[in-house]
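In this chain, numbering begins with 1 at the start of the sequence shown. Predicted model only: the values in this text are computed from it and were never measured.
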Amino acid sequence: MPRHLGIASTNARVQSIDRPRALARRFGNVAGSRAYDLFVPPRRSSGPLPLVVMLHGCSQSSRDFAIGTRMDGLAEEQGFLVAYPDQPRSANMAKSWNWFRQGDQRRGLGEPSILAGLTRQVMDDFDVDPTRVYVAGLSSGGAAAAVMAMTYPDLYAAVGIHSGLACGSAESTSAALMAMRRGALFRPCQATQPVPTIVFHGDRDRTVSPVNGDQVIAQVKPDADVSIATDQGHSEGGMAYTRTILTELHSAWSSEQWVLHGGGHAWAGGHPSGSHTDPNGPDASREMLRFFLSHAMDGGSHRH
């Protein structure tokens with residue numbers, strides 16, 4: 001894929017940190033293999049732990065993404081595992097997840113099968129609560145997270161999409177570039193099993209148009225009565241935001257859309273030592289985790 005589909009470099013200096021609780025692991029199947037880091041928090045209580053799968057953006061690495069999002073710190077504080085898959089340049093020269101290719105938008109095929117298999121590997125090898133497994137990502141990782149929610153709604157209880165696109169927004173490189181600039185030409189298909197979704201998107205994002213955040217919410221909105229509530233606020237760093245909360249009546253489904261006023265293409269509230277972060281924004285990592293832990297699935301993959 002052409003390099004111009006990636007995010008422009010911010011020249012951020014990645015902080016060198018000691019991560020003694022991060023394990024280097026790999027998963028492979030007939031579609032390919034991916035290395036991933038797995039952060040395992042210290043055990044403070046008995047019982048299975050939640051799992052969050054974090055998908056980095058173009059030009060990033062799993063380590064860079066961990067530093068920028070500060071998700072390891074939250075995992076240690078609140079007790080959950082974090083998996084950070086790494087997209088190699090052999091799969092995409094810009095290190096972008098291939099969310100725009102038809103073969104990487106289907107259950108059981110391509111990258112979705114690898115990421116789902118990776119998730120299940122962690123669930124098999126560690127004491128993971130199968131009702132509390134989540135996926136999140138930034139930019140191309142956000143678009144890939146949307147694909148995972150659409151293709152594996154029985155695996156992930158909720159999804160976080162930061163500066164990403166709806167599943168099926170493009171099926172070629174040229175269409176991907178168009179969708180990033182203007183949104184999907186045709187409305188992406190509606191989710192048949194809507195997964196609770198939290199969206200963050202800057203309204204001055206010049207890399208992925210904020211209309212894509214609207215399309216993500218439209219894709220996951222159930223075909224039922226939904227109540228809508230809106231509030232506004234400012235982050236500690238001074239960034240204004242508008243949060244819209246959607247709740248399906250007589251159901252456990254809900255979603256949130258955060259519009260970051262003045263925000264660009266960067267992880268809100270992230271650490272400046274990681275690339276593509278905006279420390280002035282609201283803490284997207286903490287808000288995603290709050291949202292995730294409010295959603296779980298029962299044994300029959302129903303959310304409660």
Might you point out which heavy atoms bring [X] and [Y] nearest each other, and give the distance in Å?
| X | Y | answer |
| --- | --- | --- |
| Cys167 | Pro188 | O-CB, 3.5 Å |
| Ala116 | Tyr156 | CA-OH, 4.0 Å |
| Pro130 | Met297 | O-CE, 4.4 Å |
| Ala296 | Arg132 | CB-CG, 3.9 Å |
| Ser113 | Gly108 | CB-C, 3.6 Å |

Without swapping roles, check the side chain of [X] against the backbone of [Y] for a donor-acceptor pair under 3.5 Å.
| X | Y | value |
| --- | --- | --- |
| Gln105 | Ala170 | yes |
| Arg70 | Gly269 | yes |
| Asp203 | Pro210 | no |
| Gln87 | Ser96 | yes |
| Glu111 | Asn98 | yes |
| Gln219 | Cys189 | yes |
| Arg243 | Asp231 | no |

Is it the case that more than 12 heavy atoms not belonging to [X] sit under 6.0 Å from its [atom1] atom?
| X | atom1 | answer |
| --- | --- | --- |
| Arg181 | CZ | yes |
| Asp124 | CG | yes |
| Glu236 | CD | no |

Within the 4.5 Å heavy-atom criterion, are [X] and [Y] side-chain neighbours or not?
| X | Y | value |
| --- | --- | --- |
| Asp86 | Asp37 | no |
| Asp154 | Arg107 | yes |
| Trp253 | Val220 | yes |
| Phe39 | Val52 | no |
| Val147 | Met150 | no |
| Met239 | Pro282 | yes |
| Leu177 | Phe100 | no |

Is there a side-chain hydrogen bond (donor to acceptor under 3.5 Å, both in side chains) between Ser285 and Trp267 once you walk through the steps? CA-CA 9 Å; Ser285 295; Trp267 189 273; 3.0 Å; yes

Please answer: with hydrophobic residues joined when any side-chain heavy atoms are less than 4.5 Å apart, are [X] and [Y] in the same cluster?
| X | Y | result |
| --- | --- | --- |
| Tyr241 | Leu138 | yes |
| Leu260 | Phe291 | yes |
| Trp99 | Met178 | no |
| Leu23 | Leu118 | yes |
| Val133 | Val40 | yes |

Side chain to side chain contact (heavy atoms under 4.5 Å, CB included), that's the test. Do Leu115 and Leu55 meet it? Break it down for me. CA-CA 10 Å; Leu115 294 172; Leu55 304 176; 4.0 Å; yes

Do the ring planes of His162 and Phe200 sit parallel (below 30°), tilted (30 to 60°) or perpendicular (above 60°)?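 Because their plane-to-plane angle is under 30°, the rings of His162 and Phe200 count as parallel.
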
Between Trp97 and His56, is the ring centre distance below 6.0 Å?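 Yes, ring centres under 6.0 Å apart.
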
First locate atom [atom1] of [X], then atom [atom2] of [Y], and finally report the distance between them rounded to the nearest 0.5 Å.
| X | Y | atom1 | atom2 | answer |
| --- | --- | --- | --- | --- |
| Met123 | Asp129 | CE | CG | 8.5 Å |
| Thr69 | Asp283 | OG1 | CG | 9.5 Å |
| Ile217 | His201 | CD1 | NE2 | 12.0 Å |
| Thr197 | His295 | OG1 | NE2 | 9.0 Å |
| Arg182 | Met180 | CZ | CE | 13.5 Å |
| Ser46 | Asp127 | OG | CG | 9.0 Å |

Between Asp64 and Lys95, is there a side-chain N and carboxylate O pair less than 4.0 Å apart? no

Check whether the side chains of [X] and [Y] place a donor and an acceptor atom closer than 3.5 Å, and report yes or no.
| X | Y | answer |
| --- | --- | --- |
| Ser33 | Arg26 | yes |
| Thr242 | His261 | yes |
| Tyr36 | Gln121 | yes |
| Thr119 | Tyr152 | no |

Go through the steps for Leu289 and Gln78 under the test side chain to side chain contact (heavy atoms under 4.5 Å, CB included), then give the verdict. CA-CA 9 Å; Leu289 184 63; Gln78 301 195 33; 3.5 Å; yes

In sequence, state the C-alpha distance, the side-chain angles, and the governing distance for Val159 and Met148, and then conclude on side chain to side chain contact (heavy atoms under 4.5 Å, CB included). CA-CA 9 Å; Val159 58; Met148 297 309 296; over 6 Å; no

Non-neighbouring partners of Ala136 that pass side chain to side chain contact (heavy atoms under 4.5 Å, CB included), sequence neighbours left out: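 If we apply the side chain to side chain contact (heavy atoms under 4.5 Å, CB included) test to Ala136, skipping adjacent residues, the hits are Met54, Met288, Phe292.
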
Go through the steps for Lys221 and Ser255 under the test side chain to side chain contact (heavy atoms under 4.5 Å, CB included), then give the verdict. CA-CA 8 Å; Lys221 186 177 178 181; Ser255 288; over 6 Å; no

Using the side-chain hydrogen bond (donor to acceptor under 3.5 Å, both in side chains) rule, take Ser163 and His276 through it: C-alpha gap first, then chi angles, then the decisive distance, then the call. CA-CA 11 Å; Ser163 310; His276 313 301; over 6 Å; no

